[in-house]
Every structure is written in structure tokens, then in C-alpha cells.
Asker: 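After the C-alpha cells below, expect a handful of questions from me.
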Amino acid sequence: MNKENMGFDDIIRTLGIDDTSETVGENNASNNTYKALVSCITSLPPKQFILLSSLIGILLIDSIDAKDQIILGKFINNVGQTILTAAAQEQINNKKDK
């Protein structure tokens with residue numbers, strides 16, 4: 001299935017979110033769901049990627065006051081900076097290994 005043409009129903013099916021059965025390997029299933037979600041998000045075309053991030057931002061600030069919006073924004077920004085720092089360090093280590 002072409003990921004660019006996936007609808008929300010297809011994404012839900014791919015992620016297995018609608019599966020309500022509880023199994024022993026619940027952690028493994030959660031990890032697989034996480035990896036599938038990250039894969040779907042990172043494979044989006046640039047305009048859809050930006051649109052998704054904007055929609056998530058708008059949904060997160062819908063019912064909170066300005067002070068809480070600032071706190072939430074700084075928290076999310078810090079998470080992003082941590083991810084970028086880790087990725088940059090990994091790139092540097094990979095270049096040293098070559």
C-alpha cells in the first residue's frame with residue numbers, strides 16, 4: 001500500500017489500534033505500534049507533515065490558557081531539542097566510525 005495515499009482508516013488498520021484483545025506481549029505490541037506510528041509520520045510528504053504538526057498544535061491549545069500554552073510549548077520544544085541533539089551526536093559518531 002502506498003503510504004502517501006493512506007487514509008485515517010488505513011493508518012488505524014496498519015497500526016492495529018482498533019484491536020482490543022489483550023495479549024501477553026502487550027509491551028511488544030506497544031513498541032510495534034510506536035514504530036509504525038513514527039514510520040507513518042516520518043514518511044509523510046513535507047506539506048502533509050507540516051499540516052499534521054499544525055493540527056496537533058491547535059488541538060493541544062484548544063482549551064488551555066496562555067500561561068499553560070507557554071509551558072506546554074516550552075516542554076514540547078525541549079523534547080524536540082533532545083531528539084535533535086541525540087540525532088546529531090549519532091551522526092557525528094557514525095562519521096567517526098567510517
Asker: To the nearest 0.5 Å, tell me how far I50 CD1 sits from L55 CG.
Answerer: 12.0 Å
Asker: Starting from I61, can I reach I70 by hopping between I/L/V/M/F/W/Y residues whose side chains sit under 4.5 Å apart?
Answerer: no
Asker: I would like to know whether C40 and L44 meet side-chain contact (heavy atoms from CB on, under 4.5 Å); could you show each step before the answer?
Answerer: CA-CA 7 Å; C40 285; L44 288 172; over 6 Å; no
Asker: State the CD1-CG distance between I76 and L60, to the nearest 0.5 angstrom.
Answerer: 5.5 Å
Asker: Nearest 0.5 angstrom please: D97 CG to K95 NZ, how far?
Answerer: 12.5 Å
Asker: To the nearest 0.5 Å, how far apart are CD1 in I41 and CD in Q48?
Answerer: 12.5 Å
Asker: Take L84 and Q81 through the test side-chain contact (heavy atoms from CB on, under 4.5 Å) and record every step on the way to the result.
Answerer: CA-CA 5 Å; L84 289 172; Q81 288 298 319; 4.2 Å; yes
Asker: What do the steps show when you test L51 against K47 for side-chain contact (heavy atoms from CB on, under 4.5 Å), and what is the final call?
Answerer: CA-CA 6 Å; L51 179 61; K47 289 181 182 178; over 6 Å; no
Asker: Would you compute the distance between atom CG of L72 and atom NZ of K67 and round it to the nearest 0.5 angstrom?
Answerer: 14.0 Å
Asker: Answer whether the closest heavy-atom distance between the side chains of N94 and E90 falls below 4.5 Å.
Answerer: yes
Asker: Just by distance, do the side chain of T82 and the backbone of N78 share a donor-acceptor pair under 3.5 Å?
Answerer: yes
Asker: Quick one: OG on S39 to CG on N32, what's the gap to the nearest 0.5 Å?
Answerer: 11.5 Å
